[in-house]
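Written out below as structure tokens is the structure these notes cover.
Each chain gets a letter, A, B and so on, in the order its sequence line appears, and its residues count up from 1. Predicted, not measured: the structure shown is a model, and the values here were computed from it.
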Amino acid sequence: MTALAEKLASSAHFLVPPLIVWFRSNRRELPWRIQPSPYRIWVSELMLQQTQVVTVIPYFDRFIARFPNIASLAAADLEDVLKLWEGLGYYSRARRLHEAARQLTEARRELPHTYADLLRLPGVGPYTAAAIASIAFGEPVAVVDGNVARLFSRVWAITTSIDTPVMRRDLRDRLQLLLDGVAPAEFNEAVMELGALVCRPRNPDCDNCPLRDQCIARRDGLTHDLPRRRKRADVPLRRLVAAVVHSEGEVLIAKRAPDAMLGGLWHFPDATSTSNAALETILPGLFYERLGVSVTAGRSYRCIRHAYSHFKIDLTGVDCTLSTTRAVVKCDLAGADSIRWVTVAQCERLPFDRASLRLIDQIKQRHHQNSS
DNA sequence: AATTCGGGGCT
DNA sequence: AGCCCAGAATT
């Protein structure tokens with residue numbers, strides 16, 4: 001046994017029991033913890049990637065009501081799956097979940113039971129495979145999500161950046177030793193829950209932490225300096241102009257290609273604006289390139305600012321009318337899968353990204369004003 | 001190892 | 001308004 005392993009094995013004795021005791025009386029009754037099944041745990045873990053519990057709950061309930069098992073999910077249209085995911089973000093998760101369900105159904109297999117096999121599924125990486133394997137099937141594999149990394153970077157006062165593969169592996173190896181001799185599901189849920197509820201990013205509730213006497217960061221006054229992470233590059237701003245093309249009481253929408261950003265979601269045909277001229281002035285030029293038709297620009301909508309992780313957008317919608325018949329508009333928009341003419345009301349049945357949803361709200365408001 | 005993917009919460 | 005947070009896949 002290495003020196004580190006020995007040290008951890010002995011510290012496990014002091015760490016694990018208070019952790020488990022704490023968890024048993026602070027465990028939240030979450031939808032996926034009531035009547036747990038491998039499928040429900042799988043869906044919840046996909047939704048919980050990058051996303052907090054309170055955000056996920058309503059999405060999870062609606063998703064499970066509509067797709068109660070793998071077969072029903074596999075049989076669904078991707079568009080309907082995306083509609084239920086609308087607003088939750090990281091839509092590739094929904095695409096991969098759907099794809100995995102289809103693969104399993106095609107092969108007439110159930111969800112795999114082991115970490116190694118789960119890891120092969122689209123959308124399942126090291127964290128998710130460990131979470132499903134341990135929680136649904138009791139396999140003793142340690143989970144390291146953001147909560148766990150933060151918690152133990154403090155408990156052990158580790159100053160390596162937590163957002164590196166090396167650090168994640170190191171933590172997983174250390175926790176794997178703690179896992180010896182305890183129920184894997186309970187231990188993993190306990191560390192994630194403690195990180196989420198007590199060892200919070202800001203305002204950690206150290207006074208009520210079951211590990212307060214073992215926590216080195218607390219002892220050394222480092223809690224607020226940990227965890228460390230790499231500096232993030234600051235994000236550029238893109239100015240987008242979106243054409244709300246009206247024709248015969250309908251508007252033109254386009255579906256993004258499946259592998260594009262926000263793939264499979266609908267939006268209003270848009271273009272990046274590089275000049276400082278008024279959008280109404282430059283829009284016809286932009287859209288002649290994108291749509292191959294001339295449009296006349298009318299009133300603009302209020303600018304919508306939206307933040308993604310690696311850039312921000314200022315999205316401005318502009319009412320447009322066609323200078324020719326609508327039949328001329330073809331689907332060779334760069335990056336678009338297909339186009340449709342729909343009433344604003346019909347938009348509610350199709351999946352849109354969040355910025356487009358806000359534009360739809362503005363269009364509805366203007367409609368309402370015009371008719372009253 | 002670094003970059004590409006959304007969106008929400010907190011201050 | 002700005003800062004912080006968080007997994008998988010790709011390159």
Any residue of residues 202-211 of chain A with a heavy atom less than 4.0 Å from an atom of DNA chain B: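 Only A:R202, A:N203 qualify.
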Pairs where residues 289-313 of chain A contributes a residue and the test ring-ring contact (aromatic ring centres under 6.0 Å, His included) is met, not counting sequence neighbours: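 Listed once each, the pairs are A:H306-A:Y308, A:Y308-A:F311.
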Pair listing, ring-ring contact (aromatic ring centres under 6.0 Å, His included) test, anchored in residues 107-139 of chain A, at least two apart: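 Residue pairs passing ring-ring contact (aromatic ring centres under 6.0 Å, His included), neighbours aside: A:H113-A:F137.
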Within residues 14-26 of chain A or reaching into it, pairs that qualify as salt bridge (Lys or Arg N to Asp or Glu O under 4.0 Å) - sequence neighbours excluded: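 For residues 14-26 of chain A, and leaving out neighbouring residues, the salt bridge (Lys or Arg N to Asp or Glu O under 4.0 Å) pairs sorted by first residue read A:R24-A:E186.
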Pairs involving residues 144-161 of chain A, ordered by first then second residue, that meet salt bridge (Lys or Arg N to Asp or Glu O under 4.0 Å) (sequence neighbours left out):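 Qualifying pairs, neighbours excluded: none.
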Of all residues at least two apart in sequence or in a different chain, which pass the side-chain contact (heavy atoms from CB on, under 4.5 Å) check with [X]?
{"X": "A:A157", "answer": "A:I216, A:L222, A:L226"}
{"X": "A:A243", "answer": "A:V245, A:F287, A:C320"}
{"X": "A:Q49", "answer": "A:L46, A:R93, A:T128"}

Nearest whole Å is fine: how far is [N] [atom2] from [X] [atom1]?
{"X": "A:L88", "N": "B:dG8", "atom1": "CG", "atom2": "P", "answer": "8 Å"}
{"X": "A:L197", "N": "C:dC5", "atom1": "CG", "atom2": "P", "answer": "17 Å"}
{"X": "A:F311", "N": "B:dG7", "atom1": "CZ", "atom2": "C1'", "answer": "12 Å"}
{"X": "A:L121", "N": "C:dG7", "atom1": "CG", "atom2": "P", "answer": "18 Å"}
{"X": "A:D163", "N": "C:dC3", "atom1": "CG", "atom2": "P", "answer": "18 Å"}
{"X": "A:K312", "N": "C:dC3", "atom1": "NZ", "atom2": "P", "answer": "8 Å"}
{"X": "A:M47", "N": "B:dG8", "atom1": "CE", "atom2": "P", "answer": "14 Å"}
{"X": "A:F352", "N": "B:dG7", "atom1": "CZ", "atom2": "C1'", "answer": "18 Å"}

Sugar-phosphate, base or nothing in reach of A:T164, heavy atoms under 4.0 Å: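 Here A:T164 touches no strand at all.
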Strand-adjacent residues in residues 90-107 of chain A, judged by heavy atoms under 4.0 Å from DNA chain C: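 Contacts with DNA chain C under 4.0 Å: A:Y90, A:R96.
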DNA chain C contacts made by residues 48-64 of chain A, counting heavy atoms under 4.0 Å: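 The stretch gives A:Q49, A:Q50 as the residues lying under 4.0 Å from the strand, ordered by number.
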Return all side-chain donor-acceptor pairs below 3.5 angstrom for residues 159-166 of chain A, not counting sequence neighbours, or 'none' if the list is empty.
unit_1, atom_1, unit_2, atom_2, d
A:D163, OD1, A:R230, N, 3.3
A:D163, OD2, A:R230, N, 3.2
A:T164, OG1, A:S161, O, 3.3
A:T164, OG1, A:M167, N, 3.2

Charged N-O contact under 4.0 Å between A:E99 and A:R96: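 Salt bridge flag = no for A:R96 with A:E99.
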Carboxylate-amine/guanidinium contact A:E193 A:R27, below 4.0 Å: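 Salt bridge: no.
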Nearest-neighbour nucleotide for the [X] side chain, [options] considered:
{"X": "A:H310", "options": "B:dG7, B:dC5, C:dG7", "value": "B:dC5"}
{"X": "A:P126", "options": "C:dA8, B:dC5, B:dA1", "value": "C:dA8"}
{"X": "A:R230", "options": "C:dG7, B:dA2, B:dG7", "value": "B:dA2"}

Remaining members of the apolar cluster that contains A:V54, side-chain heavy atoms under 4.5 Å: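 The other cluster members (ILVMFWY side chains, heavy atoms under 4.5 Å, direct or chained): none.
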Phosphate OP1/OP2 of B:dG8: any A:R354 side-chain N/O under 4.0 Å: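 A:R354 to B:dG8 OP1/OP2: side-chain N or O found under 4.0 Å.
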More than 12 heavy atoms from other groups under 6.0 Å of CZ on A:R62: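 Enclosed.
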